[in-house]
Amino acid sequence: MPVAKEKLLDLYRTMVRIRRFEERVSEEFAAGNIPGSVHVYIGEEAVATGAIAHLRKDDYIMSTHRGHGHLVAKGGKMNLMMAELFAKQTGYCLGKGGSMHIADLDIGMLGAAGIVGSGIPIATGAGLSARIRGTDQVTICFFGDGASNIGRFHEGINMASIWKLPVIFLCENNLWAVSVPTSTSLAIQDIADRGVAYGIPGVVVDGQDVMAVYEAVGEAVTRAKKGEGPTLVEAKTYRYRGHFEGDAGTYRPREEIEKWLARDPINIFREQLTKTQMLTEKQVAEIDKEALEEVAKAVQFAKESPFPKPEETLDNVYA
Ligand SMILES: Cc1ncc(C[n+]2csc(CCOP(=O)(O)OP(=O)(O)O)c2C)c(N)n1
């Protein structure tokens, strides 16, 4: 089905916003303004963007340690995100969570997670919750290739499949789990093949092509809403940066990085849109400028915000 021009421009804008946010995060981290650890999403923007474009505000996503892109695509506020990364009191988690623990329940973002694979059963639980409450909400669960080798992957997907829960399990296969390549951690080529084990469709999609992701996830969302159960979607993608900021990433072959850089998801989509006159050079520049301004404002907000007070340390801590 043809996609409306405004929607196409939205997809492009979202990818650019994620990229500019992450580039600035990388800079601010290097400048020592962001404590803790951050994992940026540069190179993988088409996955979150194409997938989340199908969701309503009250649909759910479950994110990962590499979650900024998911949150931006779901409608997260950049100033609250940046303040959280800067550990400021005005951040999403009052400055106490940091990059890997942001949640925004008002927009269905159930949380990022530092524990690899931990979001998978939570997404199954969100699907079960929608079923019990009788809503048509769907959940997209993002996780990496590394997470697909964790026990919770099996437990979460198995349970969702036997109960036909409305969950899309979206594996962002960027070929590496820290310094471990999938060639040594998987005995199969496609993680999507594991869908067979749970009696659900497993679909491989080009994660650098936002429209391919949009189409594949669209089918999975339709299936979920019809009560036919989950789909395992595997997006083949690549992280352009090290595993975390500060990781020199010397374990990855130069030729491999260059091959994937040549398939930059934003460049690919921009070329498609400009070739078909959906996007002009002027609009490209405007979208970029707006994204940079939005990010600059978020950084200013973060820098001007106070740190949490020492006496607040134990507030909002549950034991
Ligand atoms: C249960 C668990 N094991 C190990 C780690 C350490 N760790 C953090 S990220 C990561 C790799 C995750 O790889 P993948 O799931 O492919 O996601 P990517 O970083 O490639 O996006 C590992 C092993 C962890 N955080 N949690």
Side-chain angles (χ1 to χ4, degrees), residues 13-45 47-49 52 61-116 118-119 142-144 172 174 178 239-249 266 288 290-310 312-313 315-317:
R13 192 176 292 114
T14 300
M15 289 206 288
V16 172
R17 290 176 62 236
I18 296 172
R19 176 71 57 95
R20 297 295 167 253
F21 181 87
E22 295 290 57
E23 286 170 345
R24 188 67 189 264
V25 165
S26 173
E27 267 174 45
E28 296 295 331
F29 183 86
N33 293 328
I34 296 179
S37 185
V38 290
H39 309 75
V40 299
Y41 197 61
I42 297 176
E44 307 187 27
E45 294 89 346
V47 186
T49 302
I52 293 173
I61 61 165
M62 186 64 221
S63 181
T64 67
H65 57 284
R66 199 176 298 289
H68 310 157
H70 308 143
L71 183 52
V72 170
K74 192 71 173 70
K77 295 191 178 72
M78 277 191 190
N79 54 352
L80 304 192
M81 290 175 71
M82 200 61 93
E84 188 56 41
L85 297 186
F86 276 64
K88 297 297 183 79
Q89 198 187 37
T90 52
Y92 261 116
C93 312
L94 313 176
K96 298 179 190 175
S99 164
M100 284 184 274
H101 303 100
I102 301 181
D104 185 351
L105 300 185
D106 292 339
I107 56 167
M109 157 56 161
L110 298 176
I115 306 300
V116 171
S118 62
F142 294 93
F143 56 92
E172 305 182 302
N174 61 17
V178 195
R239 61 168 159 79
Y240 286 174
R241 311 269 315 171
H243 171 67
F244 50 80
E245 285 307 290
D247 169 17
I266 297 181
D288 210 45
E290 279 166 19
L292 284 168
E293 282 168 6
E294 185 183 8
V295 172
K297 276 189 194 146
V299 171
Q300 190 184 355
F301 175 78
K303 287 189 172 164
E304 288 170 3
S305 292
F307 285 107
K309 295 192 185 69
E312 292 167 1
T313 306
D315 292 353
N316 312 104
V317 173

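- Residues in residues 72-87 take part in no side chain to side chain donor-acceptor pair (under 3.5 Å) pair, two or more places apart or across chains.
- The two residues A113 and S118 come nearest to each other via the heavy atoms CB-OG, 3.3 Å.
- Classified by interplanar angle (parallel below 30°, tilted 30° to 60°, perpendicular above 60°), the ring pair H39/H65 is perpendicular.
- The salt bridge (charged side-chain N to carboxylate O under 4.0 Å, His left out) search around E290 returns none, not counting sequence neighbours.
- Residues that satisfy the side-chain hydrogen bond (donor to acceptor under 3.5 Å, both in side chains) test with R17, not counting sequence neighbours, are E294.
- With sequence neighbours excluded, no residue forms a side chain to side chain contact (heavy atoms under 4.5 Å, CB included) with A103.
- A side-chain donor-acceptor contact under 3.5 Å links E45 to the backbone of G43.
- Side-chain N or O atoms of K96 include none that pairs as donor or acceptor with a backbone N or O of V317 at under 3.5 Å.
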Could you please spell out the steps behind the side-chain contact (heavy atoms from CB on, under 4.5 Å) verdict for L110 and L105? CA-CA 6 Å; L110 298 176; L105 300 185; 4.1 Å; yes

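- Of the residues E172, R19, R241, the one that meets the side-chain hydrogen bond (donor to acceptor under 3.5 Å, both in side chains) test with Y41 is E172.
- The line from CG of D288 to CZ of R13 is 12.0 Å long, rounded to the nearest 0.5 Å.
- Residues forming a salt bridge (charged side-chain N to carboxylate O under 4.0 Å, His left out) with E28 (at least two apart in sequence, or on another chain): R24, K303.
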Quick one, L71 with Y92, criterion side-chain contact (heavy atoms from CB on, under 4.5 Å). Give me CA distance, side-chain angles, the key distance, then yes/no. CA-CA 11 Å; L71 183 52; Y92 261 116; 4.0 Å; yes

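- In this structure, CD1 in I18 is found 3.5 Å from OG1 in T49, a value given to the nearest 0.5 Å.
- Rounding to the nearest 0.5 angstrom, the gap separating the CD atom in Q89 from the CZ atom in F307 is 11.0 Å.
- Take S99 and apply the side-chain hydrogen bond (donor to acceptor under 3.5 Å, both in side chains) test, not counting sequence neighbours, and it matches H68.
- For the side-chain contact (heavy atoms from CB on, under 4.5 Å) with F21, the qualifying choice from V16, L292, L85 is L85, the only one to do so.
- Shown here for M78 and A298, the closest heavy-atom pair between the two residues is O-CB, 3.5 Å.
- A 4.5 Å side-chain heavy-atom check between R66 and N174 finds at least one atom pair inside the cut-off.
- At distances below 3.5 Å, at least one donor-acceptor pair connects side-chain atoms of S305 with backbone N or O atoms of F301.
- Atom CZ of R239 and atom CZ of F244 lie 9.5 Å apart (nearest 0.5 Å).
- L94 contributes atom CG, which lies 7.5 Å from atom CD of E312 (distance to the nearest 0.5 angstrom).
- Between the CE atom of M82 and the NZ atom of K88 there is a distance of 12.0 Å, given to the nearest 0.5 Å.
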Using the rule given for side-chain contact (heavy atoms from CB on, under 4.5 Å), can you reason through T90 versus E304, listing the C-alpha separation, both sets of side-chain angles and the distance that settles it, and then say yes or no? CA-CA 10 Å; T90 52; E304 288 170 3; over 6 Å; no

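- For the pair A87 and P308, the tightest heavy-atom approach, listed with the atom from each and the gap, is O-CD, 3.3 Å.
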